[in-house]
Amino acid sequence: MASSCLHAILLCFLLFITSTTAQNQTSFRPKGLILPITKDASTLQYLTQIHQRTPLVPVSLTLDLGGQFLWLDCDQGYVSSSYKPARCRSAQCSLAGAGSGCGQCFSPPKPGCNNNTCSLLPDNTITRTATSGELASDTVQVQSSNGKNPGRNVTDKDFLFVCGATFLLEGLASGVKGMAGLGRTRISLPSQFSAEFSFPRKFAVCLSSSTNSKGVVLFGDGPYSFLPNREFSNNDFSYTPLFINPVSTASAFSSGEPSSEYFIGVKSIKINQKVVPINTTLLSIDNQGVGGTKISTVNPYTILETSIYNAVTNFFVKELVNITRVASVAPFGACFDSRNIVSTRVGPAVPSIDLVLQNENVFWRIFGANSMVQVSENVLCLGFVDGGVNPRTSIVIGGYTIENNLLQFDLAGSRLGFTSSILSRLTTCANFNFTSIT
C-alpha cells in the first residue's frame, strides 16, 4: 500500500514537472535576440551567423544595415525539408511587397526554382549587383537575450528570405552564403523578429574594432549591458530622427519604392567645434533621392562627396597643428606621422569631428579612434574617402566610424539613438557577455 502511494506521488510529481516544462516552453517570450558580429580581416566586412533549415545548419552572412531582407545562395547545397516557396498572391508575397507577378521555372522543383511563386530582387550591396530571386520561408534559429547574456535558442519556423544566385556571392567574404538585411522593410530581420516574438521594433548595433573579438546586434529594447557593469538605457542615448529617402538606393528596384537604408539629418560639420564651410544643400535629399546622409555597414570607411571631402580634409589638416603630414596611402588622402600623436582613451589625440544634427545641441562627436586609421607603424590617416562629384548620397557613414559606438534603431519611433564612442565609458563593443546563463 505504501509502495503504491509512493508511486502515485512520484507519477504526479513527474506529470507536474512535464506540464510545467511544456508550459514554460510554450509561453516563453524572449526579451530580445542577439547575433554576434565579427569583422573579416581581408574584406573588412562585418559577418554574422544564423542557424537555418531542417536539419539546422550554420549559415555565414555579411551584415547589411540597410539591406532589405535576408538573401541566400540557393543554387549550391541548399537542402532543407522545411523550405516553402511563397505562392503568388499569397499573404507572404503581399507582406514582402513582391507584387502580383508569378514566377515560372523550367527545371525540376528545388529551392529557388518553383512554379507559381513570387520574387524579389536580392542585392549584393557591396558589388552593386542584383538579380531576381524566389521568395520563400524556412526555419531559423537564433539565441535569445535578456539584454545582458544569451539565453535559450528560439525558433521561427516561417522566416521569410529570398533565394539568390551563386554569382551574387562575388565580392563577399570567404565562406559567406548571403547577406543579412536589417533595413526599413517589413521582412528585414528586425521586423520579422519583433513580429514573431512580440518585442518592440528596435535593435541596437555595436561593432567591434577588432578582427579577433565579437561585436553584437541586439534585437529588442534596452537597457543593453556590457562588461564591466556598463549599462546603456534611454538616458545614455542622444536621439535624432531617421528619414526615409523616397527613392530606393538599391541596385535594382521598382518605381515608387522608397529606400530601406537609414538616413539622418546632418545640418553641418564642425572640427574642433569650428564650423567647416561646405555646401549645405548637399546635406538634404532632393526629389530624385539624391543627397543626404546614411549609415552603412557595407562601406568600411566614411565616404564624402568631393567638395565636402576637400573642405573637411583641408580644415582637419589646419587644425592638426605641429604634426608632420606624410604621403597619402590609398584610399585615404590625408596621412600623418603618428610618432607625435598622443594616444588617449578614445584613440589618437586629434581634433574631434562633430556631425551637427537637428540643432546645435545635438551632435555626433567622432573621436580619433573612429576618424584615424593606422595604416603602418608610424602613419595614421584620416579615415574618410573621396566619393566623387555627383554621388547618390553625399555622406555615407561607414563601418569604421561607428565601431565601438552603440546605435539604437527605433523603427516604430523612426529615430536613432547614439552614444558616441563607448570607449569613454570604459567599455567596448567586444564586451558584450556572450557567456550563456542557461
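Side-chain atoms of N370 come within 3.5 Å of backbone atoms of E403 as a donor-acceptor pair (strictly under, hydrogens ignored). Remark: the backbone N or O of L282 is paired with a side-chain donor or acceptor of S394 at under 3.5 angstrom. A donor-acceptor distance shorter than 3.5 angstrom exists from the side chain of S296 to the backbone of N299, with no hydrogens or angles considered. Side-chain N or O atoms of T211 include none that pairs as donor or acceptor with a backbone N or O of A41 at under 3.5 Å. Judged purely by atom type and a 3.5 angstrom limit, S268 has no side-chain atom pairing as donor or acceptor with the backbone of V356. Put simply, the side chain of S233 never gets that close to the backbone of P223: no donor and acceptor are under 3.5 Å apart. With hydrogens and angles disregarded, no donor-acceptor distance shorter than 3.5 Å links the side chain of S338 to the backbone of I341. With Y239 contributing its side chain and N234 its backbone, the two residues share a donor-acceptor pair below 3.5 Å.
Using cut-offs of 30° and 60° for the angle between ring planes, the F232 and F237 rings count as tilted.
The environment of Q104 atom CD is dense: over 12 non-hydrogen atoms of other residues, nucleotides or ligands sit within 6.0 angstrom. Within a 6.0 Å radius of NZ in K148, no more than 12 heavy atoms belonging to other residues, nucleotides or ligands are found. Residue-environment remark: CG (N359) exceeds the threshold of 12 foreign heavy atoms within 6.0 Å.
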Step by step, would you call D410 with R415 a salt bridge (Lys or Arg N to Asp or Glu O under 4.0 Å)? CA-CA 5 Å; D410 180 350; R415 67 175 186 171; 3.7 Å; yes
- Task: Start with the C-alpha gap between Q192 and L160, add the side-chain angles, then the distance that decides, and say whether side-chain contact (heavy atoms from CB on, under 4.5 Å) holds.
- Result: CA-CA 8 Å; Q192 290 200 69; L160 287 170; 3.6 Å; yes
Please report the C-alpha distance between T166 and D73 in whole Å, then the side-chain angles of each, then the deciding distance to 0.1 Å, and finally whether the side chain to side chain donor-acceptor pair (under 3.5 Å) criterion is met. CA-CA 5 Å; T166 303; D73 171 21; 3.0 Å; yes
| field | Candidate pair I285 and V290, rule side-chain contact (heavy atoms from CB on, under 4.5 Å), full reasoning | value | CA-CA 5 Å; I285 302 171; V290 176; over 6 Å; no
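R184 forms no cation-pi arrangement with Y262, by the criterion of a distance under 6.0 Å to the ring centre and an angle within 45° of the ring axis.
Aromatic ring centroids of F434 and F432 lie under 6.0 Å apart. Proximity of the aromatic rings of F203 and F193 is defined here by a centroid distance below 6.0 angstrom, and this criterion is not met.
A salt bridge is absent between E319 and K270: the closest approach of a Lys/Arg side-chain nitrogen to an acidic carboxylate oxygen does not fall below 4.0 angstrom.
Among D158, D138, T139, the single residue meeting the side chain to side chain contact (heavy atoms under 4.5 Å, CB included) criterion with K84 is D158.
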